[in-house]
Structures are given as structure tokens and as C-alpha cells.
Amino acid sequence: MIEKAHSRNADSLVVLDFETTGLSPNSGDRAIEIGAVLIEGGRIADRFQQLMNPGRQVSQFISQYTGITNAMLRDAAPCEIVMNEFADFIEGHNLVAHNASFDRCFLDAELLRIGRNYSGGFACSMLAARRLYQDAPNHRLSSLVAYKRLPTDGVFHRALADAEMTAHLWLQMLEDIGQIYGYQDVPFSLMQKLTRTNKKAVAKLLSCK
DNA sequence: TGCCAGGCCCTCTTTAGGGCCTT
């Protein structure tokens, strides 16, 4: 079933990225950083980035992977406070993330803890890129940034940096679809449909305006 | 004690298995 795109702020969306203590909130993992950018009118209009204290130590692997240390998290606000502010930030917007199933799990888990929710649709830049850029060497965020020569400051695995690169990737996909298939604006609902379309049927879907 | 994620997608498929991607 195709998710319903949010009716308000139809041309805006929030691209988000979590850094976490591990891979699964169902195994006790928590968020340690959230980064997000608000896209309005085809450009980045606002940013959100905060470390958050998960109430537990992060592993050496995570510290090496993200550069986020226990010392950095010691004085950070607890997840509950940060996520409450973030729930306000995403209110009324559709959402995008790279491998969205991962970020959605953590978003749902952290918001559930504070009794908050969100109403926008959720789309995945990785699934869209797999369909649009079938010749890419792979569909990791870093590889797609290099493949499409997207702006980057060279920082990877930090929430805001990854969210900004994902935003540039998303805007690039919208531009490529517009140029190839003649769209002036690509509806969010079409991007959601794209991520659920068989690779061989991509051209047919995008050609049916 | 031993194990330890999960959704998506492709194919040597659908009564399954394994790779990709996120931290």
C-alpha cells in the first residue's frame, strides 16, 4: 500500500539521519545524534543537529565509526528532550532518509518513548537510487555522492553531514527525473511509488504523468 | 550455552537463500 503523502507543505520535506548505539532498537540500541535538513522550494531552508545522551555507554566501534565519544555525550541533553524538539521540527513535513527502514525504526522507537508521533509520509533515497541509478557501483550514500559528484565536506557518519548529502542526492534525483521525463515538479507520492516499483517498470511509471 | 537486526530485492524463487544497506 502506498503511504499517503502529507497534505500540508506539499513542496517541503525533511531529510533526516540518526547516529545510534547499534543497529536495532529492539535490541536496546538508542539514538545518540539526530541530523536533519528542511528542504523548501528545492533548496535547504533549515537545519537541525543535536547529540543526545542515551543513558548508556557507546561501544568503541561506534565511537570509531561515528567519531562520537562517551565524553561528547556526557553533557548532551537526554534523548527525551532532543526528540521532543525534533518532533516539533518534522511536524507537518514528509520525511526522507537513506535506507529509511533503519531510521524509521529509531524514529518510531524514540518518539514512542515520549508519546509523540508524526503524520508525514516516509520515503527512502536508497530504494529510489537503486531504481534510478542502476549503473552505480553500489548504493551506499558515500558511493552515490561520488557517483553523482554531489557536494560534500568530506565528513561521513555524522548525522547532519549525512542528512545534507542525502538531501543533495534527493534533489539530484528530482532534477534527473524532471529532465529525463519532463516533470516540472516531481510529487512526493511519485517518489514513494518509485521505491515500490520493479526496476524494469521504472521508465513506464515515470513516463505516465 | 549460544545467540544476537531487519526490510528490501534478486535469483539458481515463491514450501528459500543470500546480498545490500543502515549504526
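The chains referred to below are lettered A, B, ... by the order of the sequence lines, with proteins before strands, and numbering in each begins at 1. A quick note: this is a predicted structure, and the numbers were derived from the prediction, not measured.
- At least one donor-acceptor pair closer than 3.5 Å links the side chain of A:Arg196 to the backbone N or O of A:Gln192.
- In this structure, A:Phe18 atom CZ and B:dC21 atom C1' are separated by 17 Å, rounded to whole Å.
- A:Glu110 and A:Arg116 are not joined by a salt bridge, as no carboxylate oxygen comes within less than 4.0 angstrom of a charged side-chain nitrogen.
- The salt bridge (Lys or Arg N to Asp or Glu O under 4.0 Å) check on A:Asp108 picks up nothing, with sequence neighbours excluded.
- If you check every strand for non-hydrogen atoms under 4.0 Å, A:Asp103 touches nothing.
- At distances below 3.5 Å, at least one donor-acceptor pair connects side-chain atoms of A:Ser63 with backbone N or O atoms of A:Ile68.
- Using the six-membered ring where Trp is involved, A:Phe106 and A:Phe102 have ring planes that are tilted, between 30° and 60° apart.
- Looking only at distances, a side-chain donor or acceptor of A:Asn94 sits under 3.5 Å from a matching main-chain atom of A:Gly121.
- Comparing B:dT14 with B:dC8, their C1' atoms sit 16 Å apart, to the nearest whole Å.
- As rounded to whole Å, 16 Å separates atom P of B:dG6 from atom CZ of A:Arg104.
- A:Asn99 places its CG atom 13 Å from the C1' atom of B:dG19, with the value rounded to the nearest Å.
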Output one line per pair: protein atom, nucleotide atom from nucleotides 9-13 of chain B, and distance, for all N/O pairs under 3.5 Å.
| unit_1 | atom_1 | unit_2 | atom_2 | d |
| --- | --- | --- | --- | --- |
| B:dC9 | OP1 | A:Arg131 | NH1 | 3.3 |
| B:dC9 | OP1 | A:Arg131 | NH2 | 2.0 |
| B:dC9 | OP1 | A:Thr195 | O | 3.0 |

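- One interatomic measurement links the two molecules: CZ of A:Phe156 to P of B:dC21, which rounds to 15 Å at whole-angstrom precision.
- B:dT23 and B:dG7 have their C1' atoms separated by 15 Å, given to the nearest Å.
- A heavy-atom distance below 4.0 Å to DNA chain B is reached by these residues of residues 132-155 of chain A, ordered by number: A:Asn138, A:His139, A:Arg140, A:Leu141.
- A salt bridge is defined here as a Lys NZ or Arg NE, NH1 or NH2 lying under 4.0 Å from an Asp or Glu carboxylate O, and A:Glu19 with A:Arg158 fails to meet this definition.
- Taking a cutoff of 4.0 Å between a charged side-chain nitrogen and a carboxylate oxygen, A:Glu175 and A:Arg43 do not qualify as a salt bridge.
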Sub-3.5 Å pairs of nitrogen or oxygen atoms, protein against nucleotides 3-5 of chain B:
none

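- For the pair A:Asp162 and A:Ser101, nearest-nucleotide mapping onto DNA chain B gives the more 5' position to A:Ser101.
- Taking the ring-ring contact (aromatic ring centres under 6.0 Å, His included) definition, one finds that A:Phe48 meets it with A:Phe86, A:Phe89, sequence neighbours left out.
- Checked options A:Leu13, A:Val14, A:Asp46; the residue passing with A:Ile39 is A:Leu13 (criterion: side chain to side chain contact (heavy atoms under 4.5 Å, CB included)).
- Distance check on atom P: B:dC3 versus B:dC9 gives 31 Å, rounded to whole Å.
- If you take atom C1' in B:dT13 and the same atom in B:dG19, they sit 15 Å apart, rounded to whole Å.
- Checked against side-chain hydrogen bond (donor to acceptor under 3.5 Å, both in side chains), A:His168 has no partners two or more places apart in sequence or in another chain.
- A:Leu51 places its CG atom 15 Å from the P atom of B:dT23, with the value rounded to the nearest Å.
- Per the geometry, CD1 belonging to A:Ile34 stands 16 Å off P belonging to B:dT22, to the nearest Å.
- A donor and an acceptor atom, one from each side chain of A:Ser24 and A:Asp29, are nowhere located under 3.5 Å apart.
- Across B:dC21 and B:dT15, the matching C1' atoms stand 28 Å from one another, rounded to whole Å.
- Using a 4.0 Å cut-off, no side-chain N or O of A:His98 falls inside it from OP1 or OP2 of B:dC21.
- Comparing the P positions of B:dG18 and B:dC4 gives an interatomic distance of 14 Å, to the nearest angstrom.
- Rounded to whole angstrom, the span from the CZ atom of A:Phe122 across to the P atom of B:dT22 amounts to 14 Å.
- Within 4.0 Å (heavy atoms only), A:Thr21 reaches no atom of the nucleic acid at all.
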